[in-house]
Amino acid sequence: MQTVDYLRISLIDRCNFRCHYCMPSGEELNYLLQESLLTKEEIITLLKEVFIPLGFKKFRLTGGEPLLRPDIVEIVEAINSLPETEDLAISSNAFLLEKFAQPLYEAGLRRINISLDSLNPENFDSIIGNNGRSRWQQTWNGILKAHQVGFDPLKLNVVVIPGVNDHEILDLAALTLERNWHVRFIEFMPIGNSELYSDRAWIPSEEIRQDIRNNWGLETSAVAGNGPADVFQIPGAKGTLGFISQMSECFCDNCNRMRLSADGWLRPCLLNEMGQIDLKTSLRNHPDFNQMRDRVRHILEIKPEINFKERNNGTESGTYTRTMSQIGG
Ligand code: SAM
Ligand code: SF4
């Protein structure tokens, strides 16, 4: 059985972007109230009393947009200083990274994954749902700042959507030619915006690889991390390319992670709502840590049955009632 030792911790469900593939078009999301969010102290208590004793030692901070948490640097510092923490990373859209890259690095963070779905400012603004002043330059500056500060590996995540950004695959892959960056192409999942999904569907990683292979050639490679990406490299390139194929290749049997939502729900599988438990209510009402550990231990035992092992062409797209930004992608 796969060891589950990796916890993705959502710090906030809100975001300063509204990427079409992540959030439903038009409708308003019900955001959590401030008092529902786990505080820094509560997160640290849960790690110390529940997750670390059960073997968790790798953590990723996500959201929504985690840099919107005013205490983000303190949270990084606190988790990084736990002696059992083996690995700590953040997922961000980079819009606020120019300001936060240096303090986060000083707080001990070394790994960052950034969403970047387009290199074309107009297309970028359209994907992130922006119709005001362009957000492209500030986002790009955030990425450059993270590079300059020394984040390594610097990973860029691209969700590939037919007719939206598939024409930019070679441009995005070319970012790895001269920079030690890791560009990862992610198959679009039927979660977040079922309308866009049923309209466009997804492109299998192998098709994307073939485009890149036809242009430059491609060899297998490796990169540090905890994820399910298949890693390749353009011959002679400084950086690497990753392919996350959750739609075309089921990797559920190797799943090593669980997710903690910003309001304290522990979720064993991204695509299955079964088996979730509410840790925040237990924590806020005379917590019995033995009992909380037992509940999480039970979820760990039944996780292989909960893992959502079926993929199809999206016909079940109404199934997922929460978006990636709400679950903590
Ligand atoms: N705001 C941060 C960011 O964008 O990196 C962190 C949260 S975001 C929900 C985490 C990841 O989920 C991003 O890499 C995003 O591309 C991915 N994601 C969101 N919706 C998705 C979908 N429908 N299919 C595949 N990936 C998705
Ligand atoms: Fe925000 Fe990240 Fe979702 Fe885009 S993918 S809307 S940046 S949470």
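Only heavy atoms go into these numbers, but all of them, side chains included; no hydrogens, no water, no symmetry mates. All of these numbers come straight from a predicted model, not from anything done at the bench.
- Atom NZ of residue K57 and atom OG1 of residue T85 lie 11.5 Å apart, to the nearest 0.5 angstrom.
- Residues N193 and Y21 have side chains not in contact (no heavy-atom distance under 4.5 Å, counting atoms from C-beta outward).
- Under 4.0 Å is where a charged nitrogen must lie from a carboxylate oxygen, and between E74 and R69 no such pair does.
- Of the residues listed (E207, E219, E206), the one engaging R213 in a salt bridge (charged side-chain N to carboxylate O under 4.0 Å, His left out) is E206, and it is the only one.
- For D263, the side-chain hydrogen bond (donor to acceptor under 3.5 Å, both in side chains) partners two or more places apart in sequence, or in a different chain, are S261.
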ask   = Would L54 and R297 satisfy side-chain contact (heavy atoms from CB on, under 4.5 Å), going step by step from the backbone distance to the final call?
value = CA-CA 7 Å; L54 292 174; R297 195 177 287 116; 3.6 Å; yes
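- Looking at L47 and I9, their side chains come closer than 4.5 Å, going by heavy atoms from C-beta outward.
- Side-chain contact annotation: Q138 with R135, donor-acceptor N/O pair under 3.5 Å absent.
- The main-chain N or O of V76 is never found under 3.5 Å from a side-chain atom of N80 such that the two would form a donor-acceptor pair.
- Counting non-hydrogen atoms of neighbouring residues, nucleotides and ligands closer than 6.0 angstrom, the CG atom of N30 reaches no more than 12 such neighbours.
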inquiry  = Go through it in stages, so that I can follow the logic: the residues are V183 and L116, the test is side-chain contact (heavy atoms from CB on, under 4.5 Å), and I'd like the CA-CA distance, side-chain angles, deciding distance and then a yes or no.
reply    = CA-CA 9 Å; V183 175; L116 183 74; over 6 Å; no
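- In this structure a side-chain-to-backbone donor-acceptor pair under 3.5 Å is present from E65 to N93.
- Side-chain contact between L279 and L38 is absent, with no heavy-atom pair separated by less than 4.5 Å.
- With D117 contributing its side chain and V159 its backbone, the two residues share a donor-acceptor pair below 3.5 Å.
- Listed for the R179 side chain is no donor-acceptor partner under 3.5 Å among the backbone atoms of K238.
- The CZ atom of R14 sits 9.5 Å away from the CG atom of L68 when rounded to the nearest 0.5 Å.
- Other residues, nucleotides and ligands contribute over 12 non-hydrogen atoms within 6.0 Å of the NE2 atom of H167.
- Counting all heavy atoms, side chain and backbone alike, F124 lies closest to F17 at CZ-CE2, 3.9 Å.
- Judged by distance alone, with hydrogens and angles left aside, the side-chain atoms of T176 form no donor-acceptor pair with the main-chain N or O of A237 at under 3.5 Å.
- Summarising the geometry, atom CD1 belonging to I127 is positioned 4.5 Å from atom CG belonging to N165; distances are rounded to the nearest 0.5 Å.
- Distance check, rounded to the nearest 0.5 Å: CG of D230 to CG of L241 gives 12.0 Å.
- The side-chain heavy atoms of I203 and F188, taken from C-beta on, include no pair separated by under 4.5 Å.
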inquiry  = I'd like to know whether F289 forms a side-chain contact (heavy atoms from CB on, under 4.5 Å) with L283, so could you lay out the CA-CA distance, the side-chain angles of the two residues, the decisive distance to 0.1 Å, and finally the verdict.
reply    = CA-CA 8 Å; F289 292 119; L283 185 64; 3.9 Å; yes
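- Side-chain atoms of D171 never come within 3.5 Å of backbone atoms of A174 as a donor-acceptor pair (strictly under, hydrogens ignored).
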Working for side-chain contact (heavy atoms from CB on, under 4.5 Å), residues F232 and I212 = CA-CA 10 Å; F232 293 79; I212 298 171; over 6 Å; no
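- The backbone N or O of N113 sits nowhere less than 3.5 Å from a side-chain atom of H182 that would complete a donor-acceptor pair.
- Between the side chain of Q233 and the backbone N or O of G239, at least one donor-acceptor pair lies under 3.5 Å.
- Contact annotation: the side chain of E41 never approaches that of I44 to less than 4.5 Å [non-hydrogen atoms, C-beta and beyond].
- Looking at S248 and E187, their side chains do bring a donor and an acceptor atom within 3.5 Å of each other.
- Using a distance-only test at 3.5 Å, with no hydrogens or angles considered, a donor-acceptor pair links the side chain of K303 to the main chain of R257.
- Using modelled atom types, one side-chain atom of R267 and one backbone atom of L270 make a donor-acceptor pair closer than 3.5 Å.
- Residues passing the side-chain hydrogen bond (donor to acceptor under 3.5 Å, both in side chains) test with E168, sequence neighbours excluded: S118, N123.
- For the pair R110 and Y105, the cation-pi criterion (under 6.0 Å, within 45° of the ring axis) is fulfilled.
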